[in-house]
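Written out below as structure tokens is the structure these notes cover.
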Amino acid sequence: MVKKNKTYGFATRAIHSGAAPEPITGARNIPIYQTTSYVFKNTEHAERLFKLEDFGFIYSRLTNPTVSVLEERLANLENSRAAVACSSGHASQQLVFASLLNNNDHFIASNKLYGGSINQFNKTFRKFGWDCSFVDPDNILNFENAIKNNTKLIFIETLSNPDGSIVDIEAVAKVAIKYHIPLVVDNTLATPFLHNPSDWGANIITHSLTKFICGNGTSMGGIVVDCGNFNYLKDEKFPSLSDPDPSYNNIIFSETFGDFGFAMKVKADTLRDLGCTLSPQNAFYILNGIETLNLRMRKHTDNALKVAIYLQQHPKVSYVSYAGLKNNNYYDLGKKYFPNGPGSIFTIRLKSGYKACVSMVENVKLFSHVANVGDTRSLIIHPASTTHSQLSDKEKVKAGAGPDVIRLSIGLEDIEDIIMDLENSIK
Ligand SMILES: Cc1ncc(COP(=O)(O)O)c(C=O)c1O
């Protein structure tokens, strides 16, 4: 069949976008530009680069050719305008908040988030004077009710860690639009293969590249994606984007760079000053992972559904949180937002509670007991005593990480082997 649409499909873009053979040697894979700096053609060239009047490479804290390929590729896969890579998923969140919020600003976050994000928002971000209201995302009114005069962003994970529950992103986006507040979505657990938040009204996307996008557990990384669809000049809420920046000759980022003004602000200003840079070596590993993202995510979701169906019938399991199961509360949202399956991370609850969870985690052989998700390997953890341990008992239950909960990240091994290991460890 000959395709009429001229836009390349996801698998093609995941392999090619942002990259071309290296012009001098013809090297087909992306070279690792292991360099801190770049020779200027002359002083005028250097000056233009420093004033952001020309695009180019100055210093690898800000720009590096290997990292640039990754940035262009993620922006493309997220149907967005531009992206800025950084050293971890947490760093990407730091970059977004530091670019938009001032001291005494407020933001709203779903209370179903990765435990480390709840911690980051609740503790360290408060030290910067950024006040957070956590809301239950299952009732969209909660977002609207939490809005204050100084609210500067809304943060959700469409597919939440640890329980794989789904937020009705389109409905949250309507609230964000009504109050002219950017909607920031952490798309880590979904990846752009399963879900594109920009298609449903997100304005900024963050990722921990450490997970499925790299895919093999080798490299830490993060990225901020500018969807290019928020007008920062509409009112005076975002002076960092709408006021002159004295450190760059008084340019106004949103005016000078238009629909990628936010990405430029993040890179040229916030990344410059915070310095949470991604190394070119890690960018290379992550780029190699992305090439197979579509194949891996199909297999991850296929295996996850089979495991969820098996566990749902297990006499020692009281609950399986996978949104791909027909009786799950999020099944309909899953069909709408995740037509290729709602990922491969979910939780189970064991009837015998805390002790049974500890025993299960200690008796797996194929699964790895680690603080990570989104690896080729199947992974297991007891969130209440690890990833979510800093939360109060109440917060743990709200975040889907109570004492009887185990989180599974289903890998790419043979499904029979995965199920055998679960069967033996539950016993
Ligand atoms: C959903 C989600 N977002 C963000 C992060 C933070 O990413 P990183 O560990 O790369 O800083 C994690 C880490 O587990 C995560 O699961």
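Whatever order the structure lists ligands and atoms in, that order sets their numbers, starting from 1. This structure is a prediction, so every number in the text was calculated from the model and none was measured. Basis for what follows: all heavy atoms, side chains included, without hydrogens, waters or symmetry-related copies. The residues of the chain are indexed from 1 along the displayed sequence.
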Mind jotting down which residue pairs meet the ring pair (Phe, Tyr, Trp, His ring centres under 6.0 Å) criterion with at least one end in residues 269-311? Sequence neighbours excluded, please.
Phe212-His300, Tyr310-His314

Need the ligand 1 atom indices (1-based, order shown) with element for anything under 4.0 Å from a heavy-atom of Ser88.
10 (O), 11 (O)

Beyond-backbone contact of Glu170 with Tyr337, side-chain heavy atoms, under 4.5 angstrom:
yes

Do Ser117 and ligand 1 have an N or O pair less than 3.5 Å apart?
no

Which residue and non-hydrogen atom of the protein lie closest to atom 2 (C) of ligand 1, and at what distance in Å?
Asp186 OD2, 3.4 Å

Shortest non-hydrogen contact from Ile15 to Glu291?
CG1-O, 3.7 Å

If you scan protein heavy atoms around atom 8 (P) of ligand 1, the nearest is Gly89 N, 3.4 Å

Against ligand 1, does Gln93 come closer than 4.0 Å with any heavy atom?
yes

Number the atoms of ligand 1 from 1 as they appear, then name those within less than 4.0 Å of a heavy atom of Glu157, with their elements.
1 (C)

Side chains of Asn122 and Gln390: donor-acceptor distance under 3.5 Å anywhere?
no

Give the residue, atom name and distance (to 0.1 Å) of the protein heavy atom nearest atom 12 (C) of ligand 1.
Tyr114 CD2, 3.4 Å

Under 4.0 Å from a heavy atom of Thr210: give me the atoms of ligand 1 that qualify, with their elements.
10 (O)

Please check this pair: side chain of Asp421 against backbone of Lys365, looking for a donor-acceptor N/O pair closer than 3.5 Å.
yes

What residue and heavy atom of the protein are closest to atom 6 (C) of ligand 1, and at what distance?
His90 ND1, 3.6 Å

For the residue pair Tyr33 and Pro280, what are the closest heavy atoms and their distance?
O-CG, 3.5 Å

Among protein heavy atoms, which sits nearest to atom 9 (O) of ligand 1, and what does the distance come to when rounded to 0.1 Å?
Met220 CE, 3.7 Å

Honestly, for Leu189 the part within reach of ligand 1 (heavy atoms, under 4.0 Å) is side chain

So do the side chains of Ile286 and Ile213 get within less than 4.5 Å of each other, counting heavy atoms only?
yes

Looking at side-chain heavy atoms only, is the closest gap between Leu194 and Asn187 below 4.5 Å?
no

Residue, atom and distance of the protein heavy atom nearest atom 16 (O) of ligand 1 read Asn161 ND2, 2.9 Å

